Amino acid sequence: KDLVSIVILLACVCCSFIGNGGKAEAALSRSSSQKRWILSSLESECDNDMASTRICDPEKIFGSSSSSSSSNNNNEHESSARSSIDQITSAIHELESNHPLICSNGMATTIVSTTIPTTTTEVQMAIVAISKMKLSHENFTTDDNYMIQQGKNMAVALHNHWGVGNIQCGGSGILLFLSIQDRVVYISTSNGLKSILTKTRIDHIVDEVMKPYLREEDYAAAVLQAIRCIQNYIDKGPPSVWERYIPLFLSMLPLVIGGGFMFHGRRLKKEYNTVHSKLSKIDHNKALALMGKYKCHSCPICLEDFVPKKKDVGVRVRGPKKNKSDEDEIGGADGDGRNDKDKEKDSLLQDTQQEYLGSDGREIQLLRCGHAFDKTCWETWTAAPSRNIYQCPICKQDIREDQSSARNSQGSGFARMRQVIPNGSHFEESNTFGGGTSSGMFHRQERNSINYRMYQLERNFRLQRMHFHHPRYIHQSQVDRWVRGDNGGSINDSLVQDADFVRSDPDRVDNNNNSSSGRHGSGSSSSFSSYGGGRSGGGGGGRW
């Protein structure tokens with residue numbers, strides 16, 4: 001039984017190899033049987049049909065495109081092939097009948113004048129499609145210039161042999177040549193059409209109009225779209241001055257765009273670095289506030305740094321320093337309810353005004369609550385109709401009261417903060433310093449807590465202003481999270497390490513663009529007149 005099984009298995013393997021070999025042999029046979037065309041054989045094959053059909057397609061290329069070859073029924077295949085040829089024939093008839101070449105003094109024009117003599121002649125066209133050219137050097141098939149030159153030689157020779165186009169206006173003939181396996185397309189034009197079908201326009205027809213269809217093996221659609229584009233160019237006439245200089249403009253455009261993107265990218269990176277620096281300062285100031293050592297050095301509205309005054313301006317004279325142990329024991333309280341530490345902390349705000357100018361070069365606007373601003377920013381802020389000019393934008397305290405009533409009724413700025421700042425701040429831990437009594441430690445902890453909570457109000461205001469000045473990198477959703485103390489993790493997370501902010505770094509952003517095109521139409525066939533003896537004057541082509 002095992003021997004029989006082995007024999008059967010070997011038989012199956014042999015049959016499989018024989019079948020695959022047969023398929024490979026058939027494919028090789030089809031490849032070898034594919035004709036390689038030379039000029040003389042192509043002329044003899046199509047001479048009798050060109051005057052009536054304008055199409056030389058000896059291998060039925062237009063009937064074997066991807067849209068028709070998918071059919072398994074021979075009748076459907078023939079019908080589809082006939083339909084493609086009819087559409088091309090109809091498009092050529094439309095070109096020759098309704099889109100004449102108008103010239104004046106031998107130059108193509110679109111204006112028929114009564115004072116300047118003009119000549120009108122019909123445009124004539126031929127389409128040639130073969131599977132492969134017979135090349136003198138088969139090893140050069142990867143050389144695009146060589147292959148395009150071979151296509152040009154055959155297209156120009158066929159153009160001249162059939163006499164495509166009339167001789168008026170310097171010639172009005174067009175021949176479109178396709179070699180499918182060689183992936184070569186060439187458009188030959190008479191001299192009379194060279195001012196209309198310029199190299200730029202022919203390149204556009206080949207590269208932008210035909211190649212998308214040729215790559216999809218929809219050869220009939222490629223030819224149809226090329227004919228319609230040629231019709232449009234003939235109706236327009238010679239290109240305008242702007243169109244003539246499009247190649248120069250396009251050659252310079254990458255440099256201009258590249259320079260623009262480089263400048264724009266540098267500007268974005270500079271702004272990102274500025275935002276990064278400002279967020280780092282906020283993180284640093286948070287640490288200072290936790291230690292009770294925060295001091296304002298920039299305007300909360302514009303976020304620009306204050307400018308130090310010159311040495312001889314606003315020099316502060318300090319009084320004798322009190323004994324630290326005495327302050328700890330008695331808490332530093334005096335008759336007006338303010339302890340010496342509160343007075344010293346209030347003096348830090350006054351130091352800011354005495355030692356610095358605003359970023360605008362003017363004296364700093366110091367409010368009664370202790371917050372400081374650029375004077376220009378404060379004037380602009382209070383000039384807005386919707387803003388309350390009697391209220392600090394940060395802590396919302398009323399700033400209309402005079403200094404004496406403020407002291408008698410509520411004490412220092414930090415004492416007033418005890419009333420306006422609610423409890424429940426994220427700062428709840430005690431800051432322990434060595435030395436002193438428990439009463440002195442309590443006062444230091446309370447003062448540090450008030451300092452931090454006062455800073456929190458300013459920090460939240462600054463974050464909102466960051467969003468105002470830099471909406472590209474700071475979004476409102478980020479500000480809301482930061483104000484809540486949720487930076488994507490612990491409340492102690494750094495702002496500059498926020499995931500959304502890191503992702504907005506211009507160096508991490510990539511953009512992709514996609515484009516697509518393609519469509520084709522239909523028509524009906526008709527009869528043609530004989531070719532008028534035109535000759536080729538050149539043209540252009542390419543490979544797909």
Side-chain angles (χ1 to χ4, degrees), residues 267 270-272 274-275 277-279 281-282 285-286 289 294-310 313-314 345-407 409-410 412-417 419-422 451 453-480 482-483 495:
R267 186 175 63 83
K270 182 179 179 180
E271 182 184 1
Y272 179 84
T274 300
V275 176
S277 176
K278 291 178 179 179
L279 291 179
K281 287 182 179 179
I282 293 177
N285 290 337
K286 175 183 175 181
Y294 169 68
K295 185 177 180 181
C296 178
H297 285 291
S298 63
C299 175
I301 295 177
C302 68
L303 305 175
E304 296 296 330
D305 291 338
F306 295 147
V307 181
K309 288 183 178 180
K310 294 182 179 179
V313 179
K345 289 183 180 293
D346 278 344
S347 71
L348 291 176
L349 297 172
Q350 296 173 1
D351 288 346
T352 299
Q353 190 177 37
Q354 292 173 353
E355 299 174 3
Y356 289 87
L357 294 174
S359 63
D360 55 359
R362 301 170 65 186
E363 290 292 335
I364 292 173
Q365 179 72 40
L366 181 63
L367 305 186
R368 305 228 185 258
C369 61
H371 290 113
F373 305 87
D374 283 345
K375 188 173 287 293
T376 302
C377 291
W378 177 253
E379 292 172 352
T380 304
W381 181 274
T382 55
S386 60
R387 303 234 170 86
N388 187 347
I389 63 174
Y390 303 115
Q391 189 180 73
C392 174
I394 296 176
C395 63
K396 309 303 180 185
Q397 287 195 70
D398 192 334
I399 57 175
R400 288 177 294 184
E401 56 190 1
D402 59 33
Q403 191 170 4
S404 60
S405 63
R407 285 182 177 177
S409 62
Q410 294 178 324
S412 70
F414 280 92
R416 291 193 299 274
M417 292 303 294
Q419 301 178 17
V420 300
I421 301 178
N451 182 290
R453 282 182 280 168
M454 183 179 180
Y455 166 75
Q456 273 196 313
L457 294 178
E458 183 177 328
R459 172 184 179 271
N460 295 344
F461 181 83
R462 287 178 179 271
L463 290 175
Q464 291 289 352
R465 297 301 296 172
M466 289 282 288
H467 167 62
F468 175 82
H469 290 294
H470 307 285
R472 182 189 300 272
Y473 299 112
I474 305 297
H475 307 293
Q476 187 60 50
S477 60
Q478 290 172 276
V479 174
D480 293 341
W482 294 343
V483 168
L495 297 178

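The structure displayed is predicted, hence computed values, not measured ones.
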Nearest 0.5 angstrom please: W482 CH2 to S477 OG, how far? 9.0 Å
Determine whether R362 and T376 satisfy the following criterion, side chain to side chain donor-acceptor pair (under 3.5 Å), listing intermediate values before the conclusion. CA-CA 8 Å; R362 301 170 65 186; T376 302; 3.2 Å; yes
Is E271 close to H470 at the side-chain level, that is, under 4.5 Å between some pair of heavy atoms? yes
Closest approach of V307 to G358 (non-hydrogen atoms, all atoms of both residues): CG2-O, 3.8 Å
Does any part of the side chain of H297, heavy atoms only, come nearer than 4.5 Å to the side chain of D305, both counted from C-beta? no
Polar side chain donor-acceptor pair, Y294 to E458, under 3.5 angstrom: yes
Can you confirm whether I474 sits close enough to L279 that some side-chain heavy atom of one is under 4.5 Å from a side-chain heavy atom of the other? yes
First locate atom SG of C377, then atom CD of E304, and finally report the distance between them rounded to the nearest 0.5 Å. 8.5 Å
Do you know which two heavy atoms are closest between C296 and R462, and how far apart they sit? SG-NH2, 3.6 Å
Do R459's NZ or CZ and the ring of Y455 fall within the cation-pi criteria of under 6.0 Å and 45°? no
Report yes if the side chains of W378 and P393 come closer than 4.5 Å at any heavy-atom pair, otherwise no. yes
Should the pair F461 and F373 be assigned to parallel (<30°), tilted (30 to 60°) or perpendicular (>60°) ring geometry? perpendicular
Just so I know, are the side chains of L367 and I394 near enough to count as touching, which here means a heavy-atom distance under 4.5 Å? no
Enter the distance from I301:CD1 to D374:CG here, rounded to the nearest 0.5 Å. 8.0 Å
Interatomic distance, R368 atom CZ to D398 atom CG [nearest 0.5 angstrom]: 10.5 Å
Straight-line distance of T274 OG1 to K270 NZ, nearest 0.5 Å: 7.0 Å
So, do C302 and R465 sit near enough that their side-chain heavy atoms are less than 4.5 Å apart? no
Do the non-hydrogen side-chain atoms of Q397 and H371 ever get within less than 4.5 Å of each other? no
Pairwise side-chain contact, S359 with F306, heavy-atom cut-off 4.5 Å (strictly under): no
Please report the C-alpha distance between V479 and M466 in whole Å, then the side-chain angles of each, then the deciding distance to 0.1 Å, and finally whether the side-chain contact (heavy atoms from CB on, under 4.5 Å) criterion is met. CA-CA 9 Å; V479 174; M466 289 282 288; over 6 Å; no
What is the distance from atom CG of D360 to atom NZ of K375, rounded to the nearest 0.5 Å? 9.0 Å
K396 side chain to Q391 side chain, donor-acceptor N/O pair below 3.5 angstrom: no
Could you tell me whether the side chain of T382 and the main chain of E379 form a donor-acceptor pair under 3.5 Å? yes
Are N460 and Q464 close enough that a side-chain donor and a side-chain acceptor fall under 3.5 Å? no
